[in-house]
Engineer: 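This is the structure, below, for whatever I ask next.
Whatever order the structure lists ligands and atoms in, that order sets their numbers, starting from 1. None of these values were measured; they are calculated from a predicted model. Keep in mind that the numbers below use all heavy atoms, side chains included, and drop hydrogens, waters and symmetry copies.
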Amino acid sequence: MRISEITLKPFRNFKELRLRFNTDRVLIGGANGQGKSNILEAISYLSIGKSVRGAQDAQAIPHQGQYFDIRAVCWDGPHHHQLRLFYGNQEGKKIFCDGTPLPRIADVLGIFKTVHFSPEDVALVMRFPAQRRRLLDILISQTSVPYLYDLQQYQRVLAQRNQMLKMSRGALRESDHEALDTWDTQLARLGARIRLRRLEVVGGMQGVLADHYGRLSGQRESAGISYQHSPSLEGHREPTEDMLCEDLRQEMKNRRAAELQLGHTRCGSHRDNLVFTLGGHPADTFASEGQLKTLLIAWKMAEIHVLSGDAGPGPVLLLDDVFSELDTQRSAALMELVGGFGQVVLTVPKRPGEPFCAGYEEIWLDA
Ligand SMILES: Nc1ncnc2c1ncn2[C@@H]1O[C@H](COP(=O)(O)OP(=O)(O)OP(=O)(O)O)[C@@H](O)[C@H]1O
Ligand SMILES: [Mg+2]
């Protein structure tokens with residue numbers, strides 16, 4: 001699905017903004033603070049039903065306002081769809097497709113797919129495992145709503161289990177142990193499903209990420225990704241859900257005494273790690289800023305591969321301020337790579353000096 005029009009009335013710094021995209025190659029330009037990142041955030045709101053920056057919905061309401069309202073026209077061949085996301089302090093969040101309210105916010109996932117790159121994410125994602133899990137979860141949720149439900153259910157069970165561990169203060173009655181056993185069983189099953197899906201998706205991205213990183217760096221460097229979890233199922237190339245579940249249950253059992261002392265759950269899919277490597281070394285400790293940025297871009301390219309699937313149109317690629325910190329060669333390689341993709345909307349704070357964006361429809365916010 002492509003996007004041909006977006007209306008923010010209002011959203012963050014915009015009281016009213018209406019943009020039309022006439023082509024598949026759009027460049028939104030404007031000085032710092034004009035709202036370029038906000039526009040891309042608004043577009044991706046319609047895709048994932050929440051802020052891609054991890055902001056609370058209320059933070060996107062204009063200062064002194066009571067609500068925000070994002071509307072877009074999207075199309076897929078001859079079919080046009082109106083998407084709308086409204087959030088009000090009083091009303092809460094509502095999503096509409098062609099005027100019909102969707103029963104749940106999660107129902108919006110998969111209708112209009114986007115891949116969002118932001119330089120803010122480079123530091124966050126590359127330095128913090130929780131942010132990398134979030135990246136992966138947003139991606140997989142766009143391909144599978146049941147995955148999102150598993151995640152939500154996992155969080156609920158985990159919170160209850162932690163509550164129990166905390167209240168026990170190291171000592172549990174027999175009946176409490178039985179209750180904990182029940183939480184463990186549920187958590188192991190949900191955690192195994194989450195882990196298996198993440199392993200599958202990351203496995204499918206490894207080759208694409210390495211290939212794209214190679215091309216972006218002019219084949220000077222090699223990059224990789226892996227999904228690490230404990231226990232690691234060493235030697236099993238293709239774990240099953242039952243294997244992962246049994247391992248998780250066993251791990252929780254082994255750690256129960258220690259977790260009772262600590263008061264929280266130290267093992268499970270909420271502690272797993274998506275690891276980026278550069279030349280075989282962990283990127284979060286060794287890579288330069290530009291290399292980290294290149295890695296995240298290569299990851300985003302691999303996201304497109306996942307979301308494009310076997311059939312149907314690919315996602316819309318939203319690139320926020322993507323050229324900053326990239327050398328000329330990497331910027332040119334990036335534009336060549338995205339040349340083959342469906343729709344691309346990118347932002348720049350000033351006119352690019354090189355002819356990277358020849359053929360892009362330009363929209364200047366302060367013009
Ligand atoms: N809820 C809000 N209400 C009003 N203004 C907001 C709100 N949230 C953010 N802003 C403002 O929106 C403005 C534009 O922010 P945005 O990050 O989109 O700018 P930008 O064009 O991407 O700038 P840069 O080139 O520096 O990245 C900022 O001045 C910010 O303070
Ligand atoms: Mg910005």
Engineer: If I take atom CD from residue Glu362 and atom SG from residue Cys357, how far apart are they, to the nearest 0.5 angstrom?
Structural biologist: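 Taking CD in Glu362 and SG in Cys357, the distance rounds to 7.5 Å.
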Engineer: As a test of understanding, state which of Arg12, Arg84, Lys9 forms a salt bridge (charged side-chain N to carboxylate O under 4.0 Å, His left out) with Asp69.
Structural biologist: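 Looking at Arg12, Arg84, Lys9, the match for Asp69 under the salt bridge (charged side-chain N to carboxylate O under 4.0 Å, His left out) is Arg84.
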Engineer: Please state which part of Gln59 comes within less than 4.0 Å of ligand 1, counting heavy atoms only: side chain, backbone, both or neither.
Structural biologist: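 For Gln59, the contact with ligand 1 is made by the backbone alone.
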Engineer: Quick one: which ligand 1 atoms are inside 4.0 Å of a heavy atom on Asn38?
Structural biologist: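 Matching atoms, with element in brackets: 12 (O), 13 (C), 14 (C), 15 (O), 16 (P), 17 (O), 18 (O).
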Engineer: Looking only at protein heavy atoms, identify the closest one to atom 4 (C) of ligand 1 and say how far it is in Å.
Structural biologist: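 It is His63 CD2, 3.3 Å.
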Engineer: To check your reading of the model: name the closest protein heavy atom to atom 23 (O) of ligand 1, its residue, and the distance in Å.
Structural biologist: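 The answer is Gly33 N, 2.7 Å.
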Engineer: Would you check, one step at a time, whether the test side chain to side chain donor-acceptor pair (under 3.5 Å) holds for Asp320 with Thr347?
Structural biologist: CA-CA 5 Å; Asp320 196 9; Thr347 72; 2.6 Å; yes
Engineer: Do Asn38 and Arg53 have side-chain N/O donor and acceptor atoms under 3.5 Å apart?
Structural biologist: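 Judged by distance alone, the side chains do pair up.
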Engineer: Counting each atom of ligand 1 from 1 as listed, which ones have a heavy atom of Ile61 under 4.0 Å away?
Structural biologist: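 Near Ile61, the atoms of ligand 1 are 1 (N), 2 (C), 3 (N).
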Engineer: How does Ile39 reach ligand 1, if at all, at less than 4.0 Å between non-hydrogen atoms: by side chain, backbone, both, or neither?
Structural biologist: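 No part of Ile39 is near ligand 1 at this cut-off.
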Engineer: What's the shortest distance from atom 8 (N) of ligand 1 to any protein heavy atom, and which residue and atom give it?
Structural biologist: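 That would be Arg12 NH1, 3.2 Å.
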Engineer: Side chain, backbone, both or neither: which applies to Arg53 and ligand 1 if a contact is any heavy-atom pair less than 4.0 Å apart?
Structural biologist: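 Answer for Arg53: side chain.
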Engineer: Would one find more than 12 heavy atoms of other residues, nucleotides or ligands at under 6.0 Å from atom CD of Gln228?
Structural biologist: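 More than 12 heavy atoms, drawn from other residues, nucleotides or ligands, come within 6.0 Å of this atom.
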Engineer: Show the atoms of ligand 1 that are less than 4.0 angstrom away from any heavy atom in Gln34.
Structural biologist: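 Checking each atom against Gln34, I get 19 (O), 21 (O).
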Engineer: Got the closest protein heavy atom to atom 27 (O) of ligand 1, with its distance?
Structural biologist: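 I find the closest protein heavy atom is Ser37 OG, 3.9 Å.
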Engineer: Do Arg256 and His177 get their side chains close enough for a donor-acceptor pair, meaning under 3.5 Å?
Structural biologist: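 Result is yes, a qualifying pair exists.
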Engineer: Would you sort out whether Asp57 and Tyr45 count as a side chain to side chain donor-acceptor pair (under 3.5 Å), showing the intermediate values?
Structural biologist: CA-CA 10 Å; Asp57 295 318; Tyr45 242 110; 2.7 Å; yes
Engineer: List the closest protein heavy-atom neighbour of atom 26 (O) of ligand 1: residue, atom name, distance to the nearest 0.1 Å.
Structural biologist: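 Looking at atom 26 (O) of ligand 1, the protein heavy atom closest to it is Asn32 ND2, 3.3 Å.
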Engineer: Does the ring centre of Phe96 sit less than 6.0 Å away from the ring centre of Phe86?
Structural biologist: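 So the answer is no for these two rings.
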Engineer: Look up atom 30 (C) of ligand 1 and tell me if a protein heavy atom lies less than 4.0 Å from it?
Structural biologist: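 Protein heavy atom within 4.0 Å of atom 30 (C) of ligand 1: absent.
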Engineer: The Mg ion (ligand 2) to Ser37: any N/O/S contact under 2.8 Å?
Structural biologist: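 Looking at Ser37, which is the residue asked about, there is an N, O or S atom under 2.8 Å from the Mg ion (ligand 2).
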Engineer: Specify the protein heavy atom at minimum distance from atom 25 (O) of ligand 1: its residue, its atom name, and the distance to 0.1 Å.
Structural biologist: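 Looking only at protein heavy atoms, the one closest to atom 25 (O) of ligand 1 is Lys36 NZ, 2.7 Å.
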Engineer: With a 4.0 Å cut-off on N to O distance, would you call Glu289 and Arg127 a salt bridge?
Structural biologist: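 A salt bridge is present here (some side-chain N lies under 4.0 Å from a carboxylate O).
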Engineer: Show, in sequence, the C-alpha distance, side-chain angles and deciding distance for Glu241 and Arg189, and conclude whether the salt bridge (charged side-chain N to carboxylate O under 4.0 Å, His left out) test is met.
Structural biologist: CA-CA 8 Å; Glu241 183 184 314; Arg189 179 56 61 188; 2.7 Å; yes
Engineer: To the nearest 0.1 Å, how far is atom 11 (C) of ligand 1 from its closest protein heavy atom, and which atom is that?
Structural biologist: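 Result for atom 11 (C) of ligand 1: Asn13 CB, 3.9 Å.
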Engineer: Measuring from the heavy atoms of Gly35, does anything fall under 4.0 Å of ligand 1?
Structural biologist: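 Gly35 counts as a contact of ligand 1 under the 4.0 Å cut-off.
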